[in-house]
Amino acid sequence: MTGLDFRPLSLEDKETVDSYMIENGDGSCQHSFVSMYFHQEKYGDRICIQNGFLYTLRTAFCDEEYRVYLAPMGKGDLKEAYEQVFRDAAAHQKKVKFFTITQAHADFLDQEFPQRFISENSREYGEYFYKTEKMMTFSGGELSKRRREINQFWTLYGEHVTVESISPENAEEIRDFEHAWVESYRETHDEDDLLREERMIAMHLEQFGNMGFRGVLLRYDGEVIGFTYGAKLGDYAFDDIVEKGNRTYKNIHKVLRKEMAKQCQDCRYINVEEDLGIKMLRDMKLQYQPEFLLAKFIAYERSA
């Protein structure tokens, strides 16, 4: 067999795909059914399950030179799994590129296939991990400013603000809030990105219970002023996927992060995903003192 028979994801694949990724994905937000399924417009992921391994082809990133994959995940002969990927790419007259692989996989490629790949640490795709317990309390001297900011929020607005879990009953209000948020940023942000995210959030809300999402919203005198939600990546980590708040309410995002942490106490860490090289986003995520950054690499096959 020279190739892999890739197919689109369906909702029925969730349990199977998650079983591979929870076991082998290192708590990465890239390695989850939720990310793959709801980012199909952006990534175009296709999967193949063969001989105990999950193979993922990232079709939207393929080009005339490279066929782009995630690392193969499963139990068994990992070297043979990689060689199966090589055969698949060769069958399409392409070289191999692996997208956002972890340090362990970058080291494996270097050890088992020396001089075949160039692996680059892609800092913009590094993922920020925080201890859930610390995010629930913002304990420690290094986070004392965050605690004061949260207390300031409740001093200013506490008599008017309520917190509730996201449910089918308030999903429509969240969609309305998101649409208003998009409209307010349309002139200063990339419109295609804004609209793609709005569509993704709408799909998330439609499948909220089926996907195992958890989240909260904040109301001021009954009106939604912010929301956040995510999904488990096993017991190890919780993926904090979306966070939106009306910035006229000072420190609202700090409050949303603390309330989100209360929703995932059964996970050791909260993964707040990448900063994509955006300085403001990077500075903000570093302010919260991450326990560690999950390094991600892009590995390019050298020319023969």
Side-chain angles (χ1 to χ4, degrees), residues 8-18 21-22 25 27-47 56 58 60 70 100 127-128 132 163-186 189-219 224-234 237-246 252-253 255-257 259-264 266-267 270-276 281:
L9 286 158
S10 70
L11 289 173
E12 290 70 28
D13 292 316
K14 182 179 187 304
E15 183 176 352
T16 300
V17 170
D18 277 345
M21 296 215 163
I22 288 171
S28 168
C29 64
Q30 292 274 341
H31 301 152
S32 74
F33 177 83
V34 165
S35 175
M36 293 167 62
Y37 181 79
F38 289 105
H39 283 97
Q40 289 191 74
E41 180 181 356
K42 180 178 180 180
Y43 297 143
D45 285 344
R46 302 291 185 266
I47 63 169
T56 304
R58 192 141 277 187
L70 299 185
T100 59
E127 299 174 23
Y128 294 76
T132 304
V163 182
E164 66 185 67
S165 297
I166 293 176
S167 69
E169 287 70 32
N170 52 40
E172 186 63 33
E173 292 176 276
I174 295 172
R175 281 191 285 267
D176 291 343
F177 177 87
E178 169 63 15
H179 182 70
W181 194 91
V182 167
E183 291 301 311
S184 69
Y185 285 95
R186 188 184 289 268
H189 291 62
D190 185 282
E191 185 174 12
D192 289 340
D193 286 345
L194 289 174
L195 294 176
R196 181 167 52 241
E197 185 178 50
E198 184 178 14
R199 290 192 296 271
M200 183 192 72
I201 289 172
M203 290 190 294
H204 284 170
L205 293 170
E206 287 177 4
Q207 298 291 338
F208 205 84
N210 295 333
M211 292 295 107
F213 288 120
R214 307 174 187 176
V216 297
L217 60 82
L218 300 182
R219 296 182 185 274
V224 175
I225 60 172
F227 69 96
T228 181
Y229 63 82
K232 288 184 68 173
L233 300 168
F238 184 91
D239 183 10
D240 190 1
I241 298 171
V242 172
E243 179 185 291
K244 294 288 181 72
N246 183 337
I252 188 171
H253 285 278
V255 175
L256 285 168
R257 285 165 205 143
E259 294 299 327
M260 185 72 260
K262 296 177 183 178
Q263 299 288 311
C264 52
D266 52 343
C267 297
I270 299 174
N271 178 347
V272 300
E273 304 194 345
E274 317 96 328
D275 61 41
L276 302 177
L281 196 56

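Bear in mind the structure is a predicted one, so any value in this text is a computation, not a measurement.
To the nearest 0.5 Å, atoms CD (Glu41) and CE (Met203) are separated by 7.0 Å. Atoms CD and CG, from Glu273 and Leu281 in turn, are 10.0 Å apart once rounded to the nearest 0.5 Å. Put simply, OG on Ser165 and CG on Leu217 are 8.5 Å apart, with the number rounded to the nearest 0.5 Å. Summarising the geometry, atom NZ belonging to Lys232 is positioned 11.0 Å from atom CG belonging to Asp18; distances are rounded to the nearest 0.5 Å. Residue His179 holds its NE2 atom at 11.5 Å from CG of Leu194, rounded to the nearest 0.5 Å. The distance from the CE atom of Met200 to the NZ atom of Lys42 is 9.0 Å, given to the nearest 0.5 Å.
Look at Arg175 and Glu178 and you find no salt bridge, because none of the NZ, NE, NH1 or NH2 atoms lies under 4.0 Å from a carboxylate O. Arg219 has a carboxylate O that lies under 4.0 Å from a charged side-chain N of Glu173, or vice versa, which qualifies the two as a salt bridge. Using a 4.0 Å cut-off between a side-chain N of Lys or Arg and a carboxylate O of Asp or Glu, Glu197 and Lys244 qualify as a salt bridge. Comment: Asp266 engages Arg214 in a salt bridge, judged by a side-chain N to carboxylate O separation of less than 4.0 angstrom.
With hydrogens and angles left out, the side-chain atoms of Asn271 and Tyr128 include no donor and acceptor closer than 3.5 Å. Between the side chains of Asp13 and Ser10, at least one donor-acceptor pair of N or O atoms lies under 3.5 Å. For the residue pair Asp45/Gln40, the side-chain donor-acceptor check at 3.5 Å is not satisfied.
Across Phe238 and Ala231, no two heavy atoms sit closer than the pair CZ-N, 3.4 Å. Among all heavy-atom pairs drawn from Cys267 and Thr132, the shortest one is O-OG1, 2.8 Å. Of all heavy-atom pairs spanning Cys29 and Asp239, the tightest one is CB-OD2, 3.5 Å. For Ala60 against Gly44, the heavy-atom pair with the smallest separation is CB-N, 4.0 Å.
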Output, in order, the C-alpha distance, side-chain angles, deciding distance and verdict of side chain to side chain donor-acceptor pair (under 3.5 Å) for Ser28 and Gln30. CA-CA 5 Å; Ser28 168; Gln30 292 274 341; over 6 Å; no
Quick one, Ile166 with Val216, criterion side chain to side chain contact (heavy atoms under 4.5 Å, CB included). Give me CA distance, side-chain angles, the key distance, then yes/no. CA-CA 5 Å; Ile166 293 176; Val216 297; 5.6 Å; no
For Leu233 and Ile22, what are the C-alpha separation, side-chain angles and deciding distance, and is it a side chain to side chain contact (heavy atoms under 4.5 Å, CB included)? CA-CA 6 Å; Leu233 300 168; Ile22 288 171; 5.7 Å; no
Is there a side chain to side chain contact (heavy atoms under 4.5 Å, CB included) between Asn170 and Val224? Walk through the geometry before answering. CA-CA 9 Å; Asn170 52 40; Val224 175; over 6 Å; no
Working note: Leu11 + Asn210, criterion side chain to side chain contact (heavy atoms under 4.5 Å, CB included); need CA distance, chi angles, decisive distance, verdict. CA-CA 9 Å; Leu11 289 173; Asn210 295 333; 5.9 Å; no
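Using the six-membered ring where Trp is involved, Phe213 and Phe208 have ring planes that are tilted, between 30° and 60° apart. Ring geometry for Phe227 against Tyr229 counts as parallel: the plane angle stays under 30°, on a 0 to 90° scale with 60° as the upper cut. Classified by interplanar angle (parallel below 30°, tilted 30° to 60°, perpendicular above 60°), the ring pair Phe33/Tyr37 is parallel.
Within the 3.5 Å criterion, the main-chain N or O of Leu256 finds no donor-acceptor partner in the side chain of Thr228. Under the 3.5 Å distance criterion, the side-chain polar atoms of Glu127 are left unmatched by any main-chain donor or acceptor of Val272. Panel note: side chain Thr56, backbone Ile47; no donor-acceptor pair is recorded below 3.5 Å. Under the 3.5 Å distance criterion, the side-chain polar atoms of Ser184 are matched with a main-chain donor or acceptor of Trp181.
Using a 4.5 Å heavy-atom threshold, the side chains of Phe38 and His204 count as touching.
Atom CD of Glu15 has 12 or fewer heavy atoms from other residues, nucleotides or ligands within 6.0 Å.
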